[in-house]
Amino acid sequence: MPELPEVETTRRGIEPHVDQQRVIDFVVRDARLRWPIPKEIHGLIVNQQVASVSRRGKYLLLRFALGDLMIHLGMSGSLRVLPIGTPAGKHDHVDLVFANDKLIRFTDPRRFGSVLWQPIGVEHKLLAKLGPEPLTDRFDADYLYNASRKRTLAIKQFIMTSEVVVGVGNIYANESLFRAGIDPRRPAGKVSKPRYERLVHEIKAVLDYAITRGGTTLRDFLSSDGKPGYFAQELSVYGRGSEPCTVCKKPLKEIRMGQRTTVFCTGCQK
DNA sequence: AGTCGCGCCTGGCGGC
DNA sequence: TGCCGCCAGGCGCGAC
């Protein structure tokens with residue numbers, strides 16, 4: 001499941017191949033994604049040049065003269081750079097074909113991803129309410145502490161809310177709360193300022209590290225399966241329910257919070 | 001307004 | 001072997 005580090009790794013992976021390149025075709029084999037792919041996209045990007053490749057939260061944004069092509073990878077989506085003419089498989093739903101004989105192929109078995117359009121000057125509804133980027137200075141303890149006052153929902157669900165901060169999915173929410181020593185069930189409004197200082201630091205650290213590691217797999221990402229690694233062997237709690245805590249050796253506890261698997265240590269997280 | 005839970009979709013897995 | 005049922009999850013949305 002692509003989280004922010006995987007999306008940023010993907011952005012860095014495709015950027016050198018498509019930046020300033022001209023689109024010669026936009027092929028939609030299956031428009032049924034999370035939302036239907038708008039039909040007008042073809043006419044808006046063919047024969048237009050990519051002006052930049054950026055990211056907002058987990059959305060990749062390819063800027064054209066008339067607007068931004070928005071790509072969300074959902075949980076099983078990926079992009080690959082391939083030579084023109086590469087045969088498409090069952091789940092290869094969209095190709096963005098370029099004049100430099102390369103294509104960007106969007107593959108998504110579960111079709112939770114999306115390909116949308118944001119006209120210049122009109123913020124897309126799905127981007128309008130997004131919170132700050134976690135790796136910028138705007139995301140700090142003061143911000144998170146103030147935003148959490150009087151909030152009763154659990155801290156884990158709070159940091160996974162995209163209006164609060166973008167890009168913190170289930171894996172990194174579990175990991176950062178473990179590293180910060182905070183019980184994921186604690187109401188967001190009852191977490192102290194010093195503990196938010198620690199949490200903000202750990203969220204940034206864990207995302208930063210994952211992006212750094214993602215960068216090292218760029219070669220694989222471009223050639224083979226298109227999936228940046230998750231470095232599962234380096235995760236402290238996610239996927240390790242009932243295994244001993246790496247710090248105190250108590251068995252890790254696994255519960256469901258808001259339909260999401262949550263793993264934490266009752267000894268280390270208070 | 002804030003919180004909660006549903007459902008989209010399909011590959012992979014365990015059980016029989 | 002083959003079939004069935006269940007699970008994973010990002011995230012918008014409807015309901016309270």
Side-chain angles (χ1 to χ4, degrees), chain A residues 1-11 28-38 55-61 70-79 88-94 106-118 123-134 144-177 184-191 203 207 210 225-230 232 235 237-242 254-263:
Chain A
M1 45 248 90
E3 296 213 23
L4 188 145
E6 287 76 24
V7 178
E8 177 60 22
T9 298
T10 300
R11 190 196 70 74
V28 177
R29 295 186 199 79
D30 191 344
R32 299 170 304 157
L33 300 181
R34 176 73 160 88
W35 288 279
I37 300 175
R55 178 185 58 74
R56 178 72 178 103
K58 294 180 188 173
Y59 286 91
L60 286 166
L61 302 175
M70 303 163 52
I71 301 173
H72 196 292
L73 301 177
M75 53 168 292
S76 60
S78 62
L79 297 181
K90 184 178 174 186
H91 305 297
D92 295 337
H93 307 309
V94 179
F106 176 82
T107 304
D108 187 3
R110 294 183 193 175
R111 292 195 274 117
F112 277 18
S114 51
V115 177
L116 298 167
W117 181 256
Q118 169 174 260
E123 192 167 38
H124 194 284
K125 181 185 169 189
L126 298 177
L127 301 183
K129 291 195 293 178
L130 294 181
E133 290 288 329
L144 208 52
Y145 177 79
N146 292 333
S148 66
R149 292 309 87 187
K150 304 202 174 153
R151 300 293 296 266
T152 58
L153 85 170
I155 180 72
K156 178 171 181 249
Q157 283 148 312
F158 178 67
I159 60 172
M160 289 178 69
T161 302
S162 60
E163 292 106 77
V164 172
V165 58
V166 295
V168 181
N170 196 40
I171 295 175
Y172 296 114
N174 279 302
E175 291 299 307
S176 56
L177 286 164
R185 301 166 296 184
R186 178 175 287 273
K190 295 198 168 164
V191 174
I203 289 172
L207 291 176
D225 65 358
K227 293 173 193 136
Y230 293 160
L235 299 173
V237 289
Y238 186 81
R240 296 187 185 277
S242 78
E254 181 164 318
I255 61 172
R256 300 283 290 178
M257 291 180 66
Q259 286 82 250
R260 293 293 169 268
T261 302
T262 303
V263 190

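Reminder, nothing fancy here: chain letters follow the sequence lines and each chain counts from 1.
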Exercise. In whole angstroms, how far is the P atom of C:dG10 from the CG atom of A:L130?
Worked result: 15 Å

Seminar exercise, completed: Sorted by chain and number, sequence neighbours left out, ring-ring contact (aromatic ring centres under 6.0 Å, His included) with A:H72 holds for A:Y59

For this session: Starting from C1' on C:dC11, measure out to CG on A:L4 and report it in whole angstrom.
Result: 15 Å

For this session: Indicate whether OP1 or OP2 belonging to C:dA8 is found under 4.0 Å from a side-chain N or O atom of A:T261.
Result: yes

Seminar exercise, completed: From CG of A:L116 across to P of C:dG10 the rounded distance in Å is 18 Å

Exercise. DNA chain C: A:H72 or A:R256, which has the more 5' nearest nucleotide?
Worked result: A:R256

For this session: Round to a whole Å and report the spacing from NZ of A:K58 to C1' of C:dG10.
Result: 6 Å

For this session: Give, for atom CG of A:L116 and atom NZ of A:K125, the distance between the pair rounded to the nearest 0.5 Å.
Result: 11.0 Å

Exercise. Tell me: CD of A:E3 to P of C:dA8, nearest whole Å?
Worked result: 15 Å

Exercise. Would you say A:T262 and A:V237 make side-chain contact, with heavy atoms under 4.5 Å?
Worked result: no

Seminar exercise, completed: The reported gap from CZ in A:R151 to OG1 in A:T161 (rounded to nearest 0.5 angstrom) is 6.5 Å

Problem set entry | Shortest non-hydrogen contact from A:P134 toward A:I203 | CB-CG2, 4.3 Å

For this session: Indicate, with a heavy-atom threshold strictly under 4.0 Å, whether A:R32 touches base, sugar-phosphate, or nothing.
Result: nothing

Problem set entry | Side-chain touch A:I71/A:V94, heavy atoms, less than 4.5 angstrom | no

Exercise. Closest nucleotide of DNA chain B for A:R34 versus for A:D108: which of these residues is on the 5' side?
Worked result: A:R34

Exercise. Between NE2 of A:H124 and CZ of A:R56, what distance do you get to the nearest 0.5 Å?
Worked result: 14.0 Å

Exercise. Quick one: side chain to side chain donor-acceptor pair (under 3.5 Å) partners of A:R55, sequence neighbours excluded?
Worked result: A:E8, A:E133

Exercise. A:F106 and side-chain contact (heavy atoms from CB on, under 4.5 Å): which partner among A:D92, A:I37, A:L73?
Worked result: A:L73

Problem set entry | Rounded (10°) bend between the five-pair end axes of the helix from B:dG2-C:dC16 to B:dC16-C:dG2 | 50°

Problem set entry | From A:R185 atom CZ to A:L177 atom CG, the distance as rounded to the nearest 0.5 Å | 12.0 Å

Problem set entry | First-last contacting nucleotides on DNA chain B - partner chain A, under 4.0 angstrom, heavy atom | B:dG2 to B:dG11

For this session: Would you mind reporting whether A:W35 and A:L126 have side-chain heavy atoms less than 4.5 Å apart?
Result: yes

Exercise. Hey, does A:V166 have a side-chain heavy atom less than 4.5 Å from the side chain of A:K58?
Worked result: no

Seminar exercise, completed: Rounding to 0.5 Å, atoms NE2 (A:H93) and CG (A:L33) come to a distance of 6.0 Å

Exercise. Where along residues 149-159 of chain A does a heavy atom fall under 4.0 Å from DNA chain C?
Worked result: none

Dump the pairs, protein N or O against N or O of nucleotides 13-15 of chain C, anything under 3.5 Å, distances to one decimal.
from, atom 1, to, atom 2, distance (Å)
C:dC13, OP1, A:K125, NZ, 3.3

Problem set entry | Whole-Å distance separating the CZ atom of A:F112 from the C1' atom of C:dA8 | 9 Å

For this session: Using atom CD1 of A:I171 as one end and atom C1' of C:dA8 as the other, report the distance to the nearest whole Å.
Result: 11 Å

Exercise. Can you tell me how far C1' of C:dC11 sits from CG of A:L33, to the nearest Å?
Worked result: 15 Å

Exercise. Could you state the interatomic distance from NZ (A:K156) to CZ (A:R260), rounded to the nearest 0.5 Å?
Worked result: 8.0 Å

Problem set entry | Under-3.5 Å donor-acceptor pair between A:R260 side chain and C:dA8 base | no

